[in-house]
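Just so you know, these numbers use all the heavy atoms, side chains as well, and skip hydrogens, waters and symmetry mates. Everything numeric in this text was worked out from a predicted model, so none of it was measured.
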Amino acid sequence: MVRLPNKIKFKGRFSKITLCNYLQTDYHYEYTECDSSGSRWRVAVPNPSAECSGLPDPMKGKECTFSCASGEYLEMKNQMCSKCAAGTYSLGSGIKFDEWDDLPAGFSNVATFMDTAVESAENKAESCDNSSWTPHGNYIESNRDDCTVSLIYAVHLKKSGSVFFEYQYIDNNIFFEFFIQNDQCKEMDSTADKWVKLTDNGEWDSHFVTLKPGTNILYWRTTGILMGSKVVKPVLVKNITIEGVAYTSECFPCKPGTFSDKPGSSNCQMCPRNTYSEKGAKECTNCMKSDNEGSSQCTERPPCTNKDFFQIHTLCDKEGKTQIMYKWIEPKICREDLPEALKLPPSGEKKDCPPCNPGFYNNGSSSCAPCPQGMISDGTKECKACPAGTEPALGLEYKWWNVLPVNMKTSCFNVDNSKCDGMNGWEVAGDHIQSGAGGSDNDYLILNLHIPGFKPPTSVTGATGSELGRISFIFETICSADCVMYFMVDVNRKNTNVVESWGRTKEKQSYTHIISKNASFTFTWAFQRTNRGQDSRQFIRDVAKIYSITVTNVLDGVASSCRACALGSEQSGSSCVPCPAGHYIEKETNQCKECPANTYLSIHQVYGKESCIPCGPGSKSNKDHSTCFSDCTFSYLRDNQSLNYDFTNLSGVGSLMNGPSFTSKGTKFFHFFNISLCGNEGKKMAICADNITDVTVKDMVAESEDSSSLVGTFVCQSTIIPSDSKGFRTALALQSNSLADTFLGASAETTLGNISVETEMFPSSQRTIPDVNFFFKSSTLTTPCENGRATVVVVRCNPTKPGQGDISVPSTCPVGTCDGCTFYFMWESAEACPLCTEHDYHEIEGACKKGFQETLYVWNEPKQCMKGIALPEKRVSTCETMDFWLKVGAAVGAFTAVLLIALTCYFWKKNQKLEYKYSKLVMTANSKECELPAADSCAIMEGEDNEEEIVYSNKQSLLGKLKSLATKTIPDRHLSNLLLNISRDGVINR
């Protein structure tokens, strides 16, 4: 076989093509895809910049499942496994990513805004252009905003494998999920491993998922759900290891600060202190200038200053003295042999030891011991027993810091390095404990206090109040940079949550946290001088100080004072007995006595009747006298008229979804409120709970009450992110908190205590019925709300809104509050109208029909009442109809007409007779003047009627006739004679 020389050129049109060289600089080997039989071929592939011909012929390759052992790689030329050279390492069938100075080859960042709304893709996607996973040397850091960012890596496995990585995930305001897709973009069957669990502050955890043969696309995806809250820390990922690749064709060089001194290494070792190494080092180089472990370069040590040492107090000796000792901060990075260097101050100065903490005593040794059970001490005297009728007030009070208490521990942590591992994060300093030096300015200096549980005093064991205990501490921070101190709480060692944080310099102040359930608690204080990554100690003098820590009602605690307790019967002696719920201790007899009606028992003091606190207006106490509540009834006197309300139909939980609102990145969210207005014997029915656990964990914890995110109260609030906002399968509820855990009272007035509601806050009512205001408060204290939160629910009568009605917030405060401390709601419903009375209706009388009349009762319009008295039934009564009276009237009229006609005829006839007689008198008078005519006869002539009646001249008919005679042409003289004769004749006849 004749071997051609390298790169022999041909003439003619092939003159630009050369033969590929034998040394394999123009090409490399690759394997083809595996066929159905599991075999493949090795082929030569030209390098992108090379143009040559005469590539080696394909040849049979190793079987698809073949792989080299750890510390070896597959040499493609002869298809044999070879050991990695010194300064390199190999996992055999795996690859590892432990250097994050830049984004490694094969990784990519994809930032999206997971809002499925139609307008979101165009309008909001640009806001996430700058969001990405960021390399930071030893780890890669997630985004800190509310965008969704995926770190993606694709790998093709020839056999089953796995992926392993370490992570730190401490903030539940960020969703962190790891999932795998195939080449068809379908999610693999790894749902149980999709959601990554939270880690404790400062600790790294690991995540492991098996991989199937074929293409696996790995996603590390984070989604911020910040809602304006501060992110404590983004997600950190390091040491990503993927097993199951068919072969490794090359070894990986050791990263700077590490080395491998033997061929065939599967990992690299860290350089010890006073040494350093560069990338791919076989050994570490001595360096007396730097004292850091795992150094990648030899740095010059600066001269020592007062920032490089600190002081501590030794334990008290038998003489009651403590020594002040000065120590260099480790690791020591300064030089004291330079001319301008500061020397370490001399140690050994003695000072008087501080006294023991309350509840402890000096037993003659150099340490303090807790008082025996049932005894007390103020820390300066011997322990003594409590007198009869009292018991120790158990708790913990730390105000002298000569030695760290046994139930406290301190540590130092840094995500970037291990400089401060093993260092004390906090140092005792006599009358306070302060943050330590740490290894660098961005260290977390951690102080932990463990409380096994809580036990209320014997006399109030039966109490059911909301407060089981409390922790209070006095602190201050002195900072020149952006320092932050966090106070965190862990319940039953499940999850650490940040309760409160303080940034920059804070004057000496106190903070109190209420404990509402009996569990094991770990309280943590973490101080960080700056969150900027740096190795220097520029802010070493920035410090946090805690002067005292007090915890009440601690299980197995100590006591410095006694408190009164209830005594049992004479047979039990002077031992304390628990009082039933709602009972106070009577001062005279030290016996338990029930609180009066409509009072509740103070959770801080049960001695004396004054410990029973009256309930507010419109409220009553429950059976246990543990709380006051509204029984859904309310009365109000207005204009000498009593308005009685019954809100029973509003006793269920009312809800309000207010929004939407948007974050700076465009995330849509809502404010969700639950309101338990009244009833239910004072039980707090409004429940808000974060469902992040529902979304991120397959199996929920069975005991929901153990979840620290569950809030049961009168008024609570949650932040809701709809499912279309982040692309999750359900809406998210988070940041749940209580707005009202105590009912203060109900009133028609706008002010109760120091809580007021402005009348112009809500639209004025068009009705004359007054609003009823329900006043609540929350015992949880926050930095913005030093007196706690308050809530006012304005209940308004609105007949047009039946049932539960509608709940709204002021238009000027769209989130329900303008200052973050006082919340206002208006609940409009027909059920909020007063009970109906007889003043709310009137009667209407109907027409009389067929002898019957109906009387109807109708409500006054507009109707402004509900329930109460019902409308009276329709009333039917007998009556006289109009037809009957018409008939009676007609009959009476007809009878009267007949009577008048008869009378007229009768008197006419009489008048005729009188005219006849008169005419005869006139005729007689004319014949003989001045003489009276003689009577014709006294007898009744034939044809005349018997006249027994005397007709007087005053009768109307006669008078008329006389008037008519007066008009005749008779001389006056004759007329007077005529009248004289008539009168005489009348007298004679008489």
*asked:* Let's go through Thr524 and Ile446 carefully: what are the C-alpha distance in whole Å and the side-chain angles of both, what is the deciding distance for side chain to side chain contact (heavy atoms under 4.5 Å, CB included) to 0.1 Å, and is it a yes or a no?
replied: CA-CA 7 Å; Thr524 300; Ile446 299 171; 3.7 Å; yes
*Rounded to the nearest 0.5 Å, how far does CG of Leu394 lie from CG of Leu555?*
9.0 Å
_Gap separating the SG atom of Cys368 from the CG atom of Asn402, nearest 0.5 angstrom_ = 8.0 Å
*Establish, yes or no, whether a centroid distance under 6.0 Å links the rings of Phe743 and Phe629.*
no
*Distance (rounded to the nearest 0.5 Å) between Ser560 OG and Lys399 NZ*: 7.5 Å
*Hey, could you give me the CD1/CG distance between Ile451 and Asp490, rounded to the nearest 0.5 Å?*
13.0 Å
*asked:* Before you tell me yes or no, could you show the steps for Glu391 and Arg563 under side chain to side chain contact (heavy atoms under 4.5 Å, CB included), namely the whole-Å CA-CA distance, both residues' side-chain angles and the distance that decides it to 0.1 Å?
replied: CA-CA 5 Å; Glu391 63 177 337; Arg563 61 188 300 169; 3.9 Å; yes
*Can you name the nearest heavy-atom pair linking His625 to Gly582, along with the distance?*
CB-CA, 3.6 Å
*Would you check, one step at a time, whether the test side chain to side chain contact (heavy atoms under 4.5 Å, CB included) holds for Phe473 with Thr550?*
CA-CA 6 Å; Phe473 57 93; Thr550 304; over 6 Å; no
*NZ/NE/NH1/NH2 to OD/OE distance under 4.0 Å, Lys587 and Glu610*: yes
*Could you tell me whether the side chain of Ser347 reaches within less than 4.5 Å of the side chain of Tyr326, counting heavy atoms only?*
yes
*Does Tyr547 have Lys508 sitting over its ring (NZ/CZ under 6.0 Å from centre, angle to axis within 45°)?*
yes
_His513 and Phe487 aromatic ring geometry - parallel, tilted or perpendicular at 30°/60° bounds_ = perpendicular
*asked:* Given Phe475, which partner from the list Tyr511, Phe527, Trp502 fulfils the ring-ring contact (aromatic ring centres under 6.0 Å, His included) test?
replied: Trp502
*Evaluate the criterion side chain to side chain donor-acceptor pair (under 3.5 Å) for residue pair Ser738 and Asp741; output intermediate values, then yes/no.*
CA-CA 7 Å; Ser738 171; Asp741 55 21; 4.5 Å; no
*Does a side-chain N-to-carboxylate-O contact under 4.0 Å join Glu586 and Lys593?*
yes
_Check against side chain to side chain contact (heavy atoms under 4.5 Å, CB included), Ile376 and Lys384_ = CA-CA 5 Å; Ile376 65 170; Lys384 62 179 181 179; 4.0 Å; yes
*Specify the closest pair of heavy atoms between Gly682 and Thr627, including all atoms of both residues, with the distance to one decimal.*
O-CG2, 4.3 Å
*Any chance you could measure Glu476, atom CD, to Gln434, atom CD, to the nearest 0.5 Å?*
10.0 Å
*Given the rule in the side chain to side chain donor-acceptor pair (under 3.5 Å) test, do Asp441 and Thr530 qualify, once you have shown the distances and angles that lead to the verdict?*
CA-CA 6 Å; Asp441 286 341; Thr530 179; over 6 Å; no
_Tyr486 vs Val499 side-chain heavy atoms within contact, under 4.5 Å_ = no
*Taking atom NZ of Lys623 as the centre, does the number of heavy atoms from other residues, nucleotides or ligands within less than 6.0 Å exceed 12?*
no
*Any chance the rings of Phe521 and Phe454 have centres within less than 6.0 Å?*
yes
*Would a 4.5 Å heavy-atom cut-off, applied to side chains only, mark Thr791 and Lys777 as touching?*
no
*Ser611 and side-chain contact (heavy atoms from CB on, under 4.5 Å): which partner among Thr599, Ile585, Leu601?*
Leu601
*Which residue, Leu447, Val428, Asn448, forms the side-chain contact (heavy atoms from CB on, under 4.5 Å) with Met408?*
Leu447
*Shortest non-hydrogen separation from Arg529 to Leu445 and the atoms involved*: NH1-CD1, 3.6 Å
*What are the two closest non-hydrogen atoms of Trp400 and Asn357, and how far apart are they?*
N-OD1, 2.8 Å
*Which heavy-atom pair separates Thr390 from Cys386 by the least distance, and what is that distance?*
OG1-CB, 3.4 Å
*Can you tell me if Asp378 and Tyr361 form a side-chain donor-acceptor pair at under 3.5 Å?*
no
